[in-house]
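Let me begin by presenting the structure, written as structure tokens, before commenting on it.
In each ligand, atom 1 is the first atom listed, and ligand 1 is the first ligand listed.
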Amino acid sequence: QTHLTIFLKAKEMEGEGKKIIHLEVGEPDFAPPKSVEKSLLEVYNKGFGKYGPAKGLPEFTKSVANFCNENFHSTINSNNVLIVPGARFGVFLSISTLLNPGDEVIIIEPAWPAYRQCAINAGVKVRSIKTTLENNWEPNIEQIQGMINSNTKMIVLNYPNNPTGKILPKKLQDDIVEIARKNDLYILSDEIYSEYSFSNWESILSYGYKKSIVTQSFSKSYAMTGYRIGYVIADQVLIDKMASLQALAITNVSEPIQYVALQALNADISNNKKMVKSKIDLLVEKAKELGLQFVKPDGAMYIFAKIKDDFDSTQFVFDLLDDGVALAPGEGFGDYKNFVRITAIQDEKRLIEGLSLIKKRLDE
Ligand code: PMP
């Protein structure tokens, strides 16, 4: 069971008139930048609305490249950019085009479920590194090294992490990049929570490693989940491969939405970061009061909390749905049956109400 199963079930219950506090999905509860409203209104008359290049509008890919160079210490140009309908599709394209059946991918768990699902869909074998709360969610370098064989082709990174909020210490990240270089592995780095980094974070782009692929999105940082737009950064040869599959599947990303995202790209979103930080701080404080065990997140939008040892959190999540609160069960992120992921991105009052319902159920 994953957060999506619970989300769909919660929606069904809402359809039947039940009130649900959504603490299971990672969706900003604030609005996109004001420029989005303006550009949505003007895009019709601007004439954007035709078929276009599979890689994206040239002015958009250029702006994205400049944006990355300014914000992520990269040295890329528009040939390194592929505009995609959300980071999820970017992850799908990377895994589907760069890996072949029989290849192996290393995934550090707990992890967003789509990495594993995309690998399985492509006939790729998943090797998981299980990290623990006790070890501060840090993967062990020897363990990664020990897992690499001649079939290993890629390692997936996602920092700030969904669900733990972890950001790797610089040295550990350097070591992982070094291992990837030595073993000629792709690094797929999903950096969609980079805007919500509350301690030092460094993009994989800053290493200038030729086999790195970075996925980014407007979903979380710009609160544009439903617009379905993001981008992939990689070496031009890799981008061209991914663009071919994208052309095959969808021709190109909606031109009006590209235009809108282009206008949003340089908007001041610093207030979003402040809001997310204060919501996380509130969640951390309240979750501590409940006696949940977790590592204080360095970023992203969640806490990943252990309820207690030998506990079936999936059953707990279903029981809580009846009480009117939706949580993401730990098992969706790997072998974490006694954990739940709680999102901080909710209205303050509802977040507090949700947590008190969790407490009530725990006390029973
Ligand atoms: N990567 C991670 C780690 C996510 O948590 C999510 C969304 N929950 C995505 C990618 C998908 O983002 P998008 O909306 O851009 O497809």
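Looking at atom 8 (N) of ligand 1, its nearest protein heavy atom turns out to be Lys220 NZ, 2.9 Å. Considering only non-hydrogen protein atoms, atom 14 (O) of ligand 1 sits nearest to Ser219 OG, 2.6 Å.
In summary, the side chains of Glu27 and Thr225 do present a donor paired with an acceptor at a separation below 3.5 Å, with no hydrogens or angles considered. Of the N and O atoms on the side chains of Ser313 and Asn338, not one donor lies less than 3.5 Å from an acceptor on the other residue. Asp319 and Gln315 share a donor-acceptor pair across their side chains, judged by distance under 3.5 Å alone. For Tyr209 and Tyr186, the side-chain atoms include no donor-acceptor pair closer than 3.5 Å. Counting only N and O atoms by type, the side chains of Ser194 and Gln216 include a donor and acceptor under 3.5 Å apart.
Among the atoms of Asp190, some N or O lies under 3.5 angstrom from an N or O of ligand 1. On a distance-only criterion, Arg228 and ligand 1 share at least one N/O pair closer than 3.5 Å.
For ligand 1, the atoms sitting less than 4.0 Å from at least one non-hydrogen atom of Arg88 are 11 (C), 13 (P), 16 (O), numbered in the order shown with element in parentheses. Heavy-atom contacts of Tyr115 reach the following atoms of ligand 1: 3 (C) (cutoff under 4.0 Å). For ligand 1, the atoms sitting less than 4.0 Å from at least one non-hydrogen atom of Ser217 are 13 (P), 15 (O), numbered in the order shown with element in parentheses. Short contacts between ligand 1 and Gly86, defined as distances under 4.0 Å to a heavy atom of the residue, involve ligand atoms 15 (O), 16 (O).
Rounded to the nearest 0.5 angstrom, Phe339 CZ and Leu292 CG are separated by 10.5 Å.
Under the 4.0 angstrom criterion for non-hydrogen atoms, Phe89 is not in contact with ligand 1. Distances from ligand 1 to the non-hydrogen atoms of Tyr227 include no value under 4.0 Å. Taking 4.0 Å as the cut-off, Glu27 does not count as a neighbour of ligand 1 on heavy-atom distance. Assignment of Ile192 to the shell around ligand 1 is supported, since a heavy atom sits closer than 4.0 Å.
With a 4.0 Å cut-off on non-hydrogen atoms, Asn158 touches ligand 1 through its side chain and not its backbone. For Ala87, heavy-atom contacts with ligand 1 shorter than 4.0 Å involve the backbone as well as the side chain.
In this structure, the side chain of Ser128 does not engage the main chain of Lys130 through any donor-acceptor pair within 3.5 Å.
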List the steps, then state whether side chain to side chain donor-acceptor pair (under 3.5 Å) holds for Glu195 with Asn272.
-> CA-CA 9 Å; Glu195 186 58 27; Asn272 294 356; over 6 Å; no
Carefully, step by step, assess Tyr115 and Asp190 under the rule side chain to side chain donor-acceptor pair (under 3.5 Å).
-> CA-CA 10 Å; Tyr115 310 128; Asp190 184 1; 2.6 Å; yes
